[in-house]
Amino acid sequence: QAQLEESGGGLVQIGGSLTLSCAASGFRRDDYAIAWFRQGPGQDRKGLSCINGKDGGTFYAERAEGRFTVSRDTAKNTVYLQMTSLRPEDTAVYYCAAGRIRDNSKEFRLCILYEKEEFEYWGQGTQVTVSS
């Protein structure tokens, strides 16, 4: 059974850093892209970053460029999201999601457009709160 489990959320001060983890199991890593999303209070869930499971290629939404870094540990089947210079507006529930890459078009919908309906598996989310 496919499963994604996020961890690493918490309370952090403005300007601080936090690294989230997404442990994946139950599906073949090379066939899937894993993306990070977040959903702030009263907001839609929005894509942040994505990593291609086959070649490790990384993608960033504009809102994540410069402060967020996605990486992975293939031995642990875990994807990370390192966040720096955190701001109050980064407060949200952060989710990871996995979508099967069938072709370049699907990769585009997953990792550029972050189309939520294209992702087959979702984690439960981890809360990040940025406060003074």
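Values below: all heavy atoms of this structure, side chains included; hydrogens, waters and symmetry mates excluded.
In D55, the CG atom is crowded: over 12 heavy atoms of neighbouring residues, nucleotides or ligands sit closer than 6.0 Å. The environment of Q13 atom CD is sparse: at most 12 non-hydrogen atoms of other residues, nucleotides or ligands sit within 6.0 angstrom.
Listed here is the closest heavy atom pair of G99 and F119: N-CD2, 3.6 Å. When every heavy atom of D30 is checked against every heavy atom of K54, the shortest pair comes out as O-CB, 3.4 Å. Summarising the geometry of Y114 relative to A61, their closest heavy-atom pair is OH-N, 3.6 Å, with the distance given to 0.1 Å.
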Handout entry: Test log, rule side chain to side chain contact (heavy atoms under 4.5 Å, CB included), inputs Y94 and L48
Key = CA-CA 10 Å; Y94 285 70; L48 296 169; 3.6 Å; yes

Practice task
Step by step, work out the side chain to side chain contact (heavy atoms under 4.5 Å, CB included) result for L18 and L86.
Solution key: CA-CA 8 Å; L18 206 59; L86 286 165; 4.0 Å; yes

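One finds the CD1 atom of I51 at 10.0 Å from the CZ atom of R29 (value rounded to the nearest 0.5 Å). Distance CD/E62 to NZ/K46: 12.0 Å, rounded to 0.5 Å. Annotation: the span from F68 atom CZ to L20 atom CG amounts to 8.5 Å, rounded to 0.5 Å. A distance of 6.0 Å separates CH2 in W36 from CG in L81, rounded to the nearest 0.5 Å.
Screening residues 121-131 for salt bridge (Lys or Arg N to Asp or Glu O under 4.0 Å), with sequence neighbours left out, gives no hits. Judged as a ring pair (Phe, Tyr, Trp, His ring centres under 6.0 Å), not a single pair has a partner in residues 40-62 (not counting sequence neighbours).
Taking the side chain to side chain donor-acceptor pair (under 3.5 Å) definition, one finds that N77 meets it with nothing, sequence neighbours left out. Every side chain to side chain contact (heavy atoms under 4.5 Å, CB included) that A2 has, sequence neighbours left out, goes to F27, Y121. For A33, the side chain to side chain contact (heavy atoms under 4.5 Å, CB included) test picks out C50, I101, L110, C111, with sequence neighbours left out. Residues meeting the side chain to side chain contact (heavy atoms under 4.5 Å, CB included) test with T84, sequence neighbours left out: S17, R67, Q82. Scored by the side chain to side chain donor-acceptor pair (under 3.5 Å) test, R109 finds S105, E118 as partners (sequence neighbours excluded). Listed by chain and residue number, R45 satisfy the side chain to side chain donor-acceptor pair (under 3.5 Å) test with Q39 (two or more places apart in sequence, or in another chain). In this structure, the side chain to side chain contact (heavy atoms under 4.5 Å, CB included) partners of E120, at least two apart in sequence or on a different chain, are Y32, R100, R102, K106. In this structure, the side chain to side chain donor-acceptor pair (under 3.5 Å) partners of N52, at least two apart in sequence or on a different chain, are E107.
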Atom pairs and distances, side-chain donor-acceptor, residues 3-12, under 3.5 Å, sequence neighbours left out:
| residue | atom | partner | partner atom | Å |
| --- | --- | --- | --- | --- |
| E6 | OE1 | Q124 | N | 3.0 |
| E6 | OE1 | G125 | N | 2.8 |
| E6 | OE2 | C96 | N | 2.9 |
| E6 | OE2 | G125 | N | 3.3 |

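Contact annotation: the side chain of V79 approaches that of V70 to within less than 4.5 Å [non-hydrogen atoms, C-beta and beyond].
A donor-acceptor pair under 3.5 Å is absent between the side-chain atoms of T91 and the main chain of E89, judged by distance alone. R72 contributes a side-chain N or O that, together with a main-chain N or O of G53, makes up a donor-acceptor pair within less than 3.5 Å.
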